[in-house]
Amino acid sequence: MAPAFMVSAPGKVIVFGEHAVVYGKPAMAATISLRSYLHVTTLSKSHRTVSLRFPDIDLDHTWDIETLPWDVFSAPSKKKYYYDRVTSLDQELVDAIKPHLSVVSPNASPDARKVHHASAFAFLYLYLSLGSPKSSACIYTLRSTLPVGAGLGSSASICVCLSTALLLQIRTLAGPHADQPSDESEVQLERINRWAFVGEMCIHGNPSGVDNTVSAGGKAVVYKREVSGRPPTVTPLRAFPELPLLLVNSRHPRSTGTQVAKVGALKEAHPTVTNQLLDAIHEVTDSAYKLLTSPDYNKDDPASLQYLGELIQINHGLLTSLGVSHPRLERIRELVDYAGIGWTKLTGAGGGGCAITILKPEADVEKVKGLMDQLDAEGFERFETTLGGDGVGVLWPAVLQNGTDEEGGEEIDQEKFLNAPDTAAIEDLVGVGVQEKRDGWKFWRPT
Ligand SMILES: Nc1ncnc2c1ncn2[C@@H]1O[C@H](COP(=O)(O)OP(=O)(O)O)[C@@H](O)[C@H]1O
Ligand SMILES: C[C@@](O)(CCOP(=O)(O)O)CC(=O)O
């Protein structure tokens with residue numbers, strides 16, 4: 001019987017270029033260290049069930065493996081293999097899944113059911129595409145330190161986790177291991193990403209593919225929308241530095257559609273000025289790209305960080321001119337500017353949602369503390385995270401050196417994982433990058 005194992009994948013923020021990307025300009029997105037964690041327990045041969053335990057959304061469901069529509073998924077005209085690139089959902093397969101979704105959380109509220117069905121749909125589509133009626137009975141337990149539906153890529157991070165776990169279970173991934181050649185790592189990440197994209201299609205309908213690409217590969221990507229409905233080009237940016245980041249949620253709800261429409265209306269009313277603002281955002285993204293890919297770039301050089309920070313600040317000003325900031329976002333920027341400890345911009349659609357601040361390394365500790373207290377007092381939600389970290393990671397078997405006395409490390413079983421009371425406890429128990437020297441988590445790291 002395979003040992004319990006874990007997979008983890010990060011969320012993301014847009015660092016440069018939101019809104020301009022709608023008009024064909026490039027944008028840059030990078031990982032944040034808030035992540036989803038998936039624990040997989042294989043059950044003994046006497047069991048024939050597959051269970052999802054997703055407590056963040058209150059989903060707990062078990063299917064009998066044999067009753068799932070394997071025949072439809074394995075029909076010769078439908079069968080997909082682990083190496084295939086699937087670019088649209090097959091309606092017949094979707095229809096075959098529907099009866100198995102209708103039994104999920106029948107008594108939940110309509111809103112909760114929608115969320116449950118989205119996650120269960122992504123899981124079943126991947127499970128039936130990659131597994132077989134002979135798949136071992138399993139429990140998939142998922143917890144995330146990412147807020148759900150806040151524009152931070154929570155859905156992509158869970159899809160990357162599911163894709164990686166299922167591909168590992170059918171033994172179609174090599175590694176990850178420390179001395180894996182870069183091109184071999186890239187093949188594995190591409191494989192994971194293709195199926196993560198399928199999961200994203202189940203949750204979102206028509207995803208751009210950016211979130212899953214940055215979540216799987218880590219660091220950052222540059223992406224550009226193509227004309228005539230073709231998928232965007234997504235280029236990994238491996239030189240992106242790991243930077244301490246303050247992520248602040250304004251807690252003001254926003255709609256991406258409304259903000260995009262607002263910029264559209266501004267462009268109609270003031271075409272020349274609006275186009276120049278969008279062009280200026282393009283220049284900002286290009287300047288950041290040139291800096292990060294320059295052979296002389298040194299992430300530890302304070303001048304480079306200052307340059308990047310100023311670009312963040314300029315980008316925010318341009319977004320404000322486009323009318324997509326919000327008084328709550330301006331308040332966050334004002335507080336950080338007043339403390340003089342970093343560079344701030346809104347991230348994503350704006351009109352609410354989150355702001356990011358790159359902290360100055362020399363920032364005065366007292367001032368930082370004062371800022372945190374002020375943000376708390378004014379009702380903002382804040383996360384101290386790192387930008388540009390690793391993508392998907394694997395902990396096989398689920399055993400960590402957690403500073404306990406357990407010989408051979410601490411075994412993470414699903415109950416222990418489920419019982420961690422909050423996100424801080426999840427990070428303490430299994431967090432990636434939390435304890436610098438913690439052995440165990442491994443990553444595909446193409447250079
Ligand atoms: N922690 C989680 N557990 C289970 N499902 C999740 C979790 N986080 C996200 N999801 C799934 O992803 C969907 C959220 O996607 P979306 O609204 O695009 O938010 P985001 O911008 O964070 O990706 C949820 O409806 C749910 O189906
Ligand atoms: C405003 C936009 O550029 C980014 C939206 O980001 P989000 O929905 O806030 O994650 C829209 C888009 O790219 O589709």
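Counting starts at 1 for both ligands and their atoms, in listed order. All residue numbers refer to positions in the sequence shown, counting from 1. Remember, it's a predicted structure, so these values are computed and weren't measured experimentally.
Atom 14 (O) of ligand 2 has as its closest protein heavy atom Arg225 NH2, 2.8 Å. Gly151 O, 3.7 Å is the protein heavy atom nearest to atom 10 (O) of ligand 2.
Under a cut-off of 6.0 angstrom, the local environment of CD in Glu415 is crowded, with over 12 non-hydrogen atoms contributed by other residues, nucleotides or ligands. In this structure, Glu378 places its CD atom where more than 12 heavy-atom neighbours from other residues, nucleotides or ligands lie under 6.0 Å away.
By the 4.0 Å heavy-atom criterion, Lys114 is excluded from the residues contacting ligand 1. Under the 4.0 angstrom criterion for non-hydrogen atoms, Gly151 is in contact with ligand 1. The closest approach between a heavy atom of His19 and any atom of ligand 2 is below 4.0 Å.
Every atom of ligand 1 with a heavy atom of Phe54 under 4.0 Å away is listed here by number and element: 4 (C). The Val21 neighbourhood of ligand 2 comprises atoms 3 (O), 13 (O), with distances under 4.0 Å to a heavy atom of that residue. Ligand-side atoms of ligand 1 in range of Val115: 24 (C), 25 (O), 26 (C), 27 (O), range being under 4.0 angstrom from any heavy atom. Listed by number with element, the atoms of ligand 2 under 4.0 angstrom from any heavy atom of Gly348 are 6 (O), 9 (O).
Side-chain N/O atoms of Gln259 and Arg254 include no donor and acceptor closer than 3.5 Å. Using modelled atom types, one finds no donor on one side chain facing an acceptor on the other under 3.5 Å when comparing His326 with Ser250. Thr145 and Thr423 are not linked by any side-chain donor-acceptor pair at a separation below 3.5 angstrom, with hydrogens and angles left out of the test.
Considering backbone and side-chain atoms together, Gly149 places an N or O closer than 3.5 Å to an N or O of ligand 1. Residue contacts with ligand 2: Thr256 is placed with a nitrogen or oxygen under 3.5 Å of a nitrogen or oxygen of the ligand (distance criterion only). At under 3.5 Å, not a single nitrogen or oxygen of Ser144, backbone or side chain, sits near a nitrogen or oxygen of ligand 1.
Taking 4.0 Å as the cut-off between side-chain N and carboxylate O, Asp111 and Lys114 do not count as a salt-bridged pair.
Here Ile14 has side-chain heavy atoms under 4.0 Å from ligand 2, and that is the only part of it that gets that close. Contacts with ligand 1 closer than 4.0 Å are made by side-chain heavy atoms of Ile158 only, the backbone lying farther away.
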task: Decide yes or no on side-chain hydrogen bond (donor to acceptor under 3.5 Å, both in side chains) for Glu330 and His316, but give the supporting numbers first.
output: CA-CA 10 Å; Glu330 289 308 312; His316 179 76; 2.9 Å; yes
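Checking each of Ser155, Ser215, Ser154, Ser144 against Ser36 for a side-chain hydrogen bond (donor to acceptor under 3.5 Å, both in side chains) leaves exactly one that passes, namely Ser144. Each of Leu168, Ile158, Ile192 was evaluated against Ser163; a single residue qualifies, Ile192, per the side chain to side chain contact (heavy atoms under 4.5 Å, CB included) test.
Taking all heavy atoms of Arg254, Gln259, Glu18, Lys25 into account, the minimum distance to atom 9 (O) of ligand 2 is reached by Arg254.
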